[in-house]
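Positions are given from 1, in the same order as the sequence printed here.
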Amino acid sequence: MSFNDRIISEFRENGGVVGGFFRDATLLLLHTTGARTGKARVTPLVYARDGDRFVVAASKAGADEHPDWLYNVRANPEVTIEVGAERLAARATILASGSRRDELYAKLIDVLDSFAGYEEKAGRTIPVLVLEPLREAT
């Protein structure tokens, strides 16, 4: 079982609460559709709130390349998110630069201070995604 699979399992077993590295962070599960394969994918991500929207970063823990799920979102911005025991349909908007992106990235640093060093480590500007809930998913 992969690291992400363990986090997803723990998240679902405990109503969105996980321990370990993420014990003090807010976590959601992002459901995307593979850009090339069309397969369903699920990724656990730390999030911050911006009103009724959810904010995540394509940080890949400071890797020098974008995570695969970002390409899926670019191709298919209609996503589903699991937050706690809730499942919501959402539309993702990618902010790759600008003051609004910077403001939202700062919110993520407030949630998990590891984000503070990710951009320097990565040598890239990390895109921020705003997930706007549309309606309850079925």
Side-chain angles (χ1 to χ4, degrees):
M1 184 181 276
S2 74
F3 176 79
N4 277 356
D5 289 338
R6 285 191 300 274
I7 295 294
I8 291 165
S9 179
E10 184 178 357
F11 180 99
R12 288 179 173 154
E13 289 171 5
N14 298 299
V17 177
V18 299
F21 181 77
F22 298 112
R23 77 178 169 279
D24 295 325
T26 50
L27 208 63
L28 61 75
L29 300 182
L30 176 67
H31 295 250
T32 60
T33 302
R36 287 178 292 161
T37 66
K39 290 183 179 179
R41 306 287 186 198
V42 181
T43 306
L45 296 168
V46 170
Y47 74 88
R49 292 298 299 252
D50 182 49
D52 62 350
R53 294 169 297 278
F54 299 86
V55 178
V56 297
S59 66
K60 200 172 181 180
D64 61 356
E65 61 187 24
H66 296 312
D68 293 341
W69 62 259
L70 180 63
Y71 301 102
N72 296 343
V73 171
R74 281 187 181 147
N76 302 295
E78 300 291 323
V79 300
T80 300
I81 56 175
E82 289 180 60
V83 182
E86 250 189 314
R87 200 171 159 100
L88 304 165
R91 179 161 188 81
T93 302
I94 300 169
L95 304 175
S97 62
S99 61
R100 182 70 176 139
R101 178 249 165 236
D102 296 345
E103 174 188 328
L104 294 175
Y105 193 80
K107 286 186 176 206
L108 286 162
I109 293 170
D110 289 343
V111 172
L112 185 68
D113 61 3
S114 298
F115 281 110
Y118 284 171
E119 286 191 312
E120 185 176 338
K121 178 181 170 188
R124 63 183 172 92
T125 301
I126 293 173
V128 169
L129 286 77
V130 177
L131 307 171
E132 179 93 34
L134 301 174
R135 63 192 178 288
E136 277 201 40
T138 54

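- In this structure, His31 NE2 and Leu88 CG are separated by 10.5 Å, a value rounded to the nearest 0.5 Å.
- The backbone N or O of Ser9 sits nowhere less than 3.5 Å from a side-chain atom of Arg12 that would complete a donor-acceptor pair.
- For the side-chain contact (heavy atoms from CB on, under 4.5 Å) test with Val56, the passing option among Val46, Ile81, Leu28, Leu104 is Leu28; the others fail.
- Here the shortest heavy-atom pairing between Leu30 and Val73 reads CD2-CG2, 4.3 Å.
- The two atoms that bring Thr26 and Ala48 nearest to each other are OG1-N, 4.5 Å, heavy atoms only.
- Between the CG atom of Asp113 and the OH atom of Tyr118 there is a distance of 9.0 Å, given to the nearest 0.5 Å.
- If you take CG on Leu45 and CG on Leu112, they are separated by 11.5 Å, rounding to the nearest 0.5 Å.
- Here Arg91 pairs with Glu78 in a salt bridge; the nearest charged N to carboxylate O distance falls below 4.0 Å.
- Judged purely by atom type and a 3.5 angstrom limit, Arg6 uses its side chain to pair as donor or acceptor with the backbone of Met1.
- A continuous path of Ile, Leu, Val, Met, Phe, Trp and Tyr side chains, each step under 4.5 Å between heavy atoms, connects Ile7 with Val42, placing both in one hydrophobic cluster.
- Under the 4.5 Å side-chain heavy-atom criterion for Ile, Leu, Val, Met, Phe, Trp and Tyr, Val111 and Leu29 are members of the same hydrophobic cluster.
- Under a hydrophobic clustering in which Ile, Leu, Val, Met, Phe, Trp and Tyr are joined whenever their side-chain heavy atoms come within less than 4.5 Å, directly or via other members, Val18 and Phe54 fall into different clusters.
- Minimum interatomic distance between Arg124 and Pro67 (heavy atoms only, all atoms of both residues): NH2-CD, 4.4 Å.
- Cluster membership for Phe21 and Ile8, using ILVMFWY side-chain heavy atoms within less than 4.5 angstrom, is shared.
- Side-chain atoms of Leu129 and Trp69, non-hydrogen and from C-beta on, do get closer than 4.5 Å to each other.
- In terms of heavy-atom proximity, Leu70 sits nearest to Pro127 at CD2-CG, 4.0 Å.
- Residues Val55 and Lys107 have side chains not in contact (no heavy-atom distance under 4.5 Å, counting atoms from C-beta outward).
- Side-chain contact between Phe22 and Pro44 is absent, with no heavy-atom pair separated by less than 4.5 Å.
- Connection of Tyr105 to Leu27 is established within a shared hydrophobic cluster, with ILVMFWY side chains joined at heavy-atom distances below 4.5 Å, either directly or through further cluster members.
- For Tyr47 against Val83, the heavy-atom pair with the smallest separation is OH-CG1, 3.5 Å.
- Between Leu95 atom CG and Arg100 atom CZ the span is 7.5 Å, to the nearest 0.5 Å.
- Arg41 and Asn72 get closest at one heavy-atom pair: CG-ND2, 3.9 Å.
- At a threshold of 4.5 Å between non-hydrogen side-chain atoms, the residues Thr93 and Glu132 do not count as touching.
- In this structure, CD1 on Ile109 lies 8.5 Å from CZ on Phe115, to the nearest 0.5 angstrom.
- Put simply, CD1 on Ile126 and CZ on Arg101 are 7.0 Å apart, with the number rounded to the nearest 0.5 Å.
- Using a 4.5 Å heavy-atom cutoff, the side chains of Asp68 and Thr43 are not in contact.
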